[in-house]
There are 2 protein chains.
Amino acid sequence: MSGRDRETRERLLRAAERLFAERGFRRVTVRDICRRARANVAAVNYHFGSKLGLYREVLQYASDALRATTDEARRAGEGCAADEQLRRFVHVYLRRLLAGGANGWIHRLINQEMADPTPALDTLVEQALRPRIEYLSRVVAALLDCPPEDPRVRRSVASLQAQSVAYLPNPLAARLGMRATTSPAAIDEVARHIAEFSLAGIRAIGALPPRP
Amino acid sequence: MSGRDRETRERLLRAAERLFAERGFRRVTVRDICRRARANVAAVNYHFGSKLGLYREVLQYASDALRATTDEARRAGEGCAADEQLRRFVHVYLRRLLAGGANGWIHRLINQEMADPTPALDTLVEQALRPRIEYLSRVVAALLDCPPEDPRVRRSVASLQAQSVAYLPNPLAARLGMRATTSPAAIDEVARHIAEFSLAGIRAIGALPPRP
DNA sequence: ACAGGCATCAAACATCTGTTTTATACAAGT
DNA sequence: ACTTGTATAAAACAGATGTTTGATGCCTGT
């Protein structure tokens, strides 16, 4: 295997990461990727078998990164009380979610896959999403002092997750005149909002009478 | 104009509503619509000029319905305190959002348009989404006792909106083993969760020191 | 030096999709 | 009865898109 082949293979991966993260699997064409990677149209099929093969490889990388994010967030909260664990989880997650740097594409890609799934969703769910949700459920269950299977836990985790992804730049927010959250200071503020908002929410849910 | 033409026009609209709401504009083909409506492939272009023309007509109807939902929610809270206004807003919205009846497609369609916009997004934003957000902002601003332009208001409204749409049936939730929220009792419970969770969150945000 | 394997490329292919065309059938008005 | 306008139908068209093909050139091992 020569050096040149690896090169265009890498170029294809770099181009695919950005494009898939921006527009999702369906709205990116093989020709888009090859144009950006300065490669021939046949290159994708040669190196990855198919467009989906290339996508799977890119998504696998992102899935591993999401797992790493979860693990980092978990470590950041080790030994803390549950409310502090939640704060740090949100903080770590949002910093990675909204970061514009070299790894900024990773969580955008995962969000695209969740919004408009491909056959590759299942492995993503099992490898990265489910562990993440299970950890979050344990933290919330500790706050509510109830088993993780309690419907109030499920709903609170849903509230948490939904709030986080709402801050990804999207056309609707742009149309409503909101500017993207990218600076570290703004990200910290949003993380604080979500954490404190949700902590208070969870406590209120825990104090609620079971059924009015 | 004979009676028969109006008939297939209506059939096309009925078919388009369901399909667009299920899969969004891009993932529905003209042939899908015509097959379901038992009409010829050329029927869409004949009656509506183009696929986008048909979509615009369907979306306009949905946009009007969303406005009506906002107005109903507003009326439901008239004369109440701000926290009760928020509770009723969430309740009315979720009942319409998750209702499986003949109008169940409406809010699903709007969600599709927000997730994957078409050229028709702008009118939807101006006619239905902006009034809705402005009302919600006023309610939240009253709770926080601050002007509606305060960033804490914007973020709280985002939290509220994000939580609500999270309960639409989606492939990810299905993959995670959550069953859809469709029964009136379950909808009421979710609405209560979102309202109480968010009210506590908003109060906590209001009590927070401006910058730590 | 040469033969084999491999990456690259231009072109073509097959399919899908929105749209247009052309012809036909039917209803209404004169 | 004849003309006219309109809805429907089958077919074709044009462009996009994922994939395949066959040729070409380059590197490597012998």
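Each chain gets a letter, A, B and so on, in the order the sequences are listed, and its residues count up from 1.
Applying the 4.0 Å criterion to OP1 and OP2 of dA10(C), one finds that Asn40(A) has a side-chain N or O inside that range. Considering only side-chain N and O atoms, His47(A) lies under 4.0 angstrom from the phosphate OP1 or OP2 of dT8(C).
Ring geometry for Tyr61(A) versus Trp105(A): interplanar angle under 30°, hence parallel rather than tilted (30 to 60°). Note on ring orientation: taking the six-membered ring where Trp is involved, the planes of Phe89(B) and Tyr135(B) are tilted (angle from 30° to 60°).
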Practice problem: Apply salt bridge (charged side-chain N to carboxylate O under 4.0 Å, His left out) to the pair Arg75(B) and Glu78(B), showing each step before the final yes or no. | Solution: CA-CA 5 Å; Arg75(B) 275 195 309 276; Glu78(B) 237 166 30; over 6 Å; no
Quiz item: Can Glu84(A) and Arg87(A) be said to form a salt bridge (charged side-chain N to carboxylate O under 4.0 Å, His left out), step by step?
Solution: CA-CA 5 Å; Glu84(A) 188 61 22; Arg87(A) 280 191 197 94; 3.1 Å; yes
Quiz prompt | Stepwise side-chain hydrogen bond (donor to acceptor under 3.5 Å, both in side chains) test for Asp116(A) and Gln112(A) | solution = CA-CA 6 Å; Asp116(A) 188 13; Gln112(A) 292 276 5; over 6 Å; no
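With a 6.0 Å radius and a threshold of 12 heavy atoms from other residues, nucleotides or ligands, Arg38(B) has its CZ atom at or below the threshold.
One atom, CZ of Arg35(A), and another, C1' of dT17(D), lie 12 Å apart when rounded to the nearest Å. Here dT15(C) presents its P atom at 14 Å from CZ of Arg31(B), a figure rounded to the nearest Å. Between Arg9(B) atom CZ and dT6(D) atom C1' there is a gap of 15 Å when expressed in whole angstrom units. In this structure, the CG atom of Asp32(B) is 13 Å from the C1' atom of dG18(C), given to the nearest Å. Computed from coordinates, the Asn45(B) CG to dA11(D) P distance equals 18 Å when rounded to whole Å.
Taking Phe20(B) as the reference, Phe25(B), Tyr55(B) meet the ring pair (Phe, Tyr, Trp, His ring centres under 6.0 Å) condition, with sequence neighbours excluded. Looking at residues two or more places apart in sequence or on another chain, you find no salt bridge (Lys or Arg N to Asp or Glu O under 4.0 Å) involving Glu22(A).
Residues from residues 20-30 of chain A with heavy atoms under 4.0 angstrom of DNA chain D, sorted by number: Val28(A), Thr29(A), Val30(A). Against DNA chain D, the stretch residues 111-118 of chain A makes no heavy-atom approach under 4.0 Å. Taking every heavy atom of residues 49-62 of chain B and every atom of DNA chain C, pairs under 4.0 Å involve Ser50(B), Lys51(B), by number.
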Can you pull every protein N or O that's under 3.5 Å from an N or O on nucleotides 21-23 of chain C?
none

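Contact check for Arg74(A) versus Asp71(A): side-chain heavy atoms found under the 4.5 Å cut-off. Taking the side chain as every heavy atom from C-beta outward, Leu13(A) and Glu10(A) approach each other to under 4.5 Å. Counting heavy atoms from C-beta outward, Met114(A) and Leu129(A) have side chains that approach closer than 4.5 Å. Contact annotation: the side chain of Glu72(B) never approaches that of Thr69(B) to less than 4.5 Å [non-hydrogen atoms, C-beta and beyond].
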